[in-house]
Amino acid sequence: MLTRRLIPCLDVRDGKVVKGVRFRDHAVVGDIVDLALRYRDEGADELVFYDITASPQGRSVDRAWVERVARVIDIPFCVAGGIRDVDAARQVLHAGADKISINSPALERPSLIDELAAAFGVQCVVVGIDSLREDDGEWRVRQYTGDPGRMQALARRTLDWVVEVQRRGAGEIVLNCMDADGVRCGYDIEQLAAVRSCCGVPLVASGGAGNPGHFLEVFRLADADAALAASVFHSGAIRIPDLKRCLADSQVEVRP
Amino acid sequence: MNALDVVLVDAGGTNMGSVRYALERLGVGAEVSGDAQRIAGATHVILPGVGAAGPGMQRLREAGLIDVLRGLSQPVLGVCLGMQLLFEHSGEGDTTCLGIVPGQVRRIEGDAQRRVPHMGWNRLDVLADDPLLAGIGADAHAYFVHSYAVASGAHTLASTDYGTAIAAVVRHRNFHGMQFHPERSAAVGARLLRNFLGI
């Protein structure tokens, strides 16, 4: 039986791991390799590194730290940040990343998804979606969320975009529910369940984890394949071995 | 493991670096090569591979490696796509593969419970006693990410359950295959790679 994955997310800025609240006010949390090793030792199933300033600044990921991580880590990891063409993706994958995640560049030019899937296969193409519920009740996507000064609201409906990215070759979708991000009040189950119903590829829930019960909910109620979290893991509020024990006790399959 | 001479066949896959680093963590150096003589002379040959079957076979053909690989008598390990290429045929792009191990590679049929790609950690069900699986316990998990697979069959040493039994570890003569990524499967993966190098 395929297990549900727990994925610590490390936001990277200038080579350090940082964390903000509602995508703002970032503070340094620690060194990339130190944190990667800590999570690997604790039993994280996968890691995601978001270079949060790369896309707004119009540059790609720095491949040096990707290589450093790849040398020491023996669990899969995904890298995101400013990858806007096949060459940039190849650099990151050849540096040792297992997957690449694209977000703002896919919104700029959706055919990027097709190009990456053709070049490397759908299994390493992850599409990240930052989504927010608007006053009319619709979920819509946001672009350049790494930089509050440049963040843009788009007319694109989240559910339409979820369908389109799969058609173009996304092998996995990470849904960042921005209303829930960083406030530890639980994953946005309603939105995740709506996305799940039109998502046939693995779905990673992101935004809102505050206690172990939130993880249980997102697996049971939204049927997410994986749950991503940052602050609760970085702060030590939730330890991965404890969380896995709690999930296993509730009959959620996890990797021992 | 000083006498080891491990060669990674350059089939254009993007996980070449990860496999090399995994071997480094075991204290074993490996050379990436597309040279027929170099490959034929190695003590252990690893065929990694991430990507699609068609371009993978095309690359081996262009490098003149098809017959070389078929003729190898030392331990050979195909990883993920590299394992699939050892079989006769892949449904991915209707591709004729190396034909070393009998069997067909087919697309995983998804449904509401089973997403495609099959992505994540799944349990290995050990079916046969083999040196490759030494020390692999009943609760060993490995990291899979693939959309095509071989059904568990005659040459399967370990399977994994994804609605149907999928071949996870295979062996036919000196040719071994792992559908998952040992280089990304933590301690279980490291043990499997160490076992392979000990053959």
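Numbered from 1 within each chain, the chains take letters A, B, ... in sequence-line order.
Comparing Gly121(A), Ala117(A), Pro202(A), Cys199(A) by how many heavy-atom pairs each has under 4.5 Å with chain B, the most go to Pro202(A). When each of Arg90(A), Glu253(A), Glu67(A) is checked for heavy-atom pairs under 4.5 Å with chain B, Glu67(A) comes out on top. Counting heavy-atom pairs under 4.5 Å between each of Ala97(A), Pro256(A), Ala95(A), Gly96(A) and chain B puts Pro256(A) at the top. In terms of heavy-atom pairs under 4.5 Å with chain B, the best-connected choice from Ser197(A), Gly200(A), Ala118(A), Ala119(A) is Gly200(A). Listed options Val122(A), Leu93(A), Ile75(A) were ranked by heavy-atom pairs under 4.5 angstrom with chain B; first place goes to Ile75(A).
No more than 12 heavy atoms of other residues, nucleotides or ligands shown are found within 6.0 angstrom of CG on Asp129(B). Atom CD of Glu31(B) has more than 12 heavy atoms from other residues, nucleotides or ligands within 6.0 Å. Heavy atoms of other residues, nucleotides or ligands lying less than 6.0 angstrom from CZ of Arg25(B) number more than 12.
At least one side-chain heavy atom of Met119(B) sits under 4.5 Å from a side-chain heavy atom of Glu172(A). You'll find the side chain of Gln123(A) stays beyond 4.5 Å of the side chain of His146(B), heavy atoms only. By the 4.5 Å heavy-atom criterion applied to side chains, Met1(A) and Tyr162(B) are not counted as neighbours. By the 4.5 Å heavy-atom criterion applied to side chains, Pro76(A) and His181(B) are not counted as neighbours. In this structure, Glu183(B) and Asp74(A) have side chains that are not in contact, with every pair of non-hydrogen atoms separated by 4.5 Å or more.
Residues Asp139(B) and Arg255(A) are not paired through a salt bridge, judged by the lack of any N-O separation under 4.0 Å between the basic side chain and the carboxylate.
For a residue to count as touching a neighbouring chain, one of its non-hydrogen atoms must lie under 4.5 Å from one of that chain's; by this rule Ser147(B) touches chain A with the side chain only. The part of Val116(B) that comes within reach of chain A is its backbone (N, CA, C, O), which places non-hydrogen atoms under 4.5 angstrom from that chain. Looking at Ala190(B), neither its backbone nor its side chain comes within 4.5 Å of chain A, counting heavy atoms on both sides. With a threshold of 4.5 angstrom between heavy atoms, Arg5(A) approaches chain B through side-chain atoms but not through N, CA, C or O. When heavy atoms are compared at a cutoff of 4.5 Å, Arg4(A) approaches chain B solely by way of its side chain, counted from C-beta outward. Contacts between Ala22(B) and chain A at a heavy-atom distance below 4.5 Å are absent for every atom of the residue.
The CZ atom of Arg71(A) lies 11.0 Å from the OG atom of Ser18(B); values are rounded to the nearest 0.5 Å. Taking CG of Asp225(A) as the reference point, atom NE2 of His118(B) lies at 10.5 Å (rounded to 0.5 Å). One finds the CZ atom of Arg123(B) at 12.0 Å from the CG atom of Leu2(A) (value rounded to the nearest 0.5 Å).
With Thr3(A) contributing its side chain and Trp121(B) its backbone, the two residues share a donor-acceptor pair below 3.5 Å. Under a 3.5 Å cut-off, the side chain of Arg184(B) and the backbone N or O of Ile73(A) do form a donor-acceptor pair.
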